[in-house]
Amino acid sequence: MSRRRQAASREILPDPKFGDVRVAKFINAIMKSGKKAVAERILYGALDIIEQKGKGEPLEVMNTALDAIAPSVEVKSR
């Protein structure tokens, strides 16, 4: 932790399969101990299951699910 200047924020690259930044952020949230390949396999496997069951387009289903669980109002501490 440097006292001179803040670290530059890194840009999140879109995932290679779908080209979506939101999917890449979700993969990074699932990832433990830097095992990105395992996290990708978990997420892509889940999206394949959604597609096989015929619930709709997998990215649309994931985005609606993420919108449903996101907080609607920002809470600030006093």
Side-chain angles (χ1 to χ4, degrees):
M1 201 161 132
S2 177
R3 291 180 182 228
R4 294 180 186 216
R5 61 186 104 109
Q6 285 185 330
S9 61
R10 295 181 182 178
E11 158 185 341
I12 295 178
L13 299 174
D15 73 304
K17 188 172 182 180
F18 294 106
D20 192 10
V21 176
R22 199 167 186 188
V23 173
K25 284 185 178 185
F26 197 71
I27 288 172
N28 290 341
I30 293 173
M31 183 172 53
K32 294 218 178 180
S33 302
K35 299 192 179 217
K36 193 165 202 163
V38 175
E40 285 176 346
R41 196 174 328 128
I42 291 169
L43 182 66
Y44 293 152
L47 293 176
D48 288 339
I49 291 171
I50 290 171
E51 189 174 23
Q52 288 172 0
K53 289 191 175 187
K55 301 286 184 182
E57 189 65 30
L59 283 181
E60 291 177 12
V61 171
M62 189 187 90
N63 286 333
T64 56
L66 288 176
D67 289 338
I69 64 167
S72 59
V73 178
E74 183 179 349
V75 178
K76 292 185 179 182
S77 62
R78 290 175 66 178

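- D48 meets the salt bridge (Lys or Arg N to Asp or Glu O under 4.0 Å) test with K17; sequence neighbours excluded.
- Contact check for D20 versus P14: no side-chain heavy atoms found under the 4.5 Å cut-off.
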Side-chain polar contacts of residues 26-47 - donor-acceptor pairs under 3.5 angstrom, sequence neighbours left out - could you list them?
unit_1: N28; atom_1: OD1; unit_2: K36; atom_2: NZ; d: 3.2
unit_1: N28; atom_1: ND2; unit_2: A24; atom_2: O; d: 3.4
unit_1: Y44; atom_1: OH; unit_2: D15; atom_2: OD2; d: 2.8

Donor-acceptor contacts, no H, no angles, side chain residues 57-77, under 3.5 Å, sequence neighbours left out:
unit_1: N63; atom_1: ND2; unit_2: L59; atom_2: O; d: 3.2
unit_1: T64; atom_1: OG1; unit_2: E60; atom_2: O; d: 3.1
unit_1: T64; atom_1: OG1; unit_2: V61; atom_2: O; d: 2.8
unit_1: D67; atom_1: OD1; unit_2: R22; atom_2: NH1; d: 3.3
unit_1: D67; atom_1: OD1; unit_2: R22; atom_2: NH2; d: 2.8

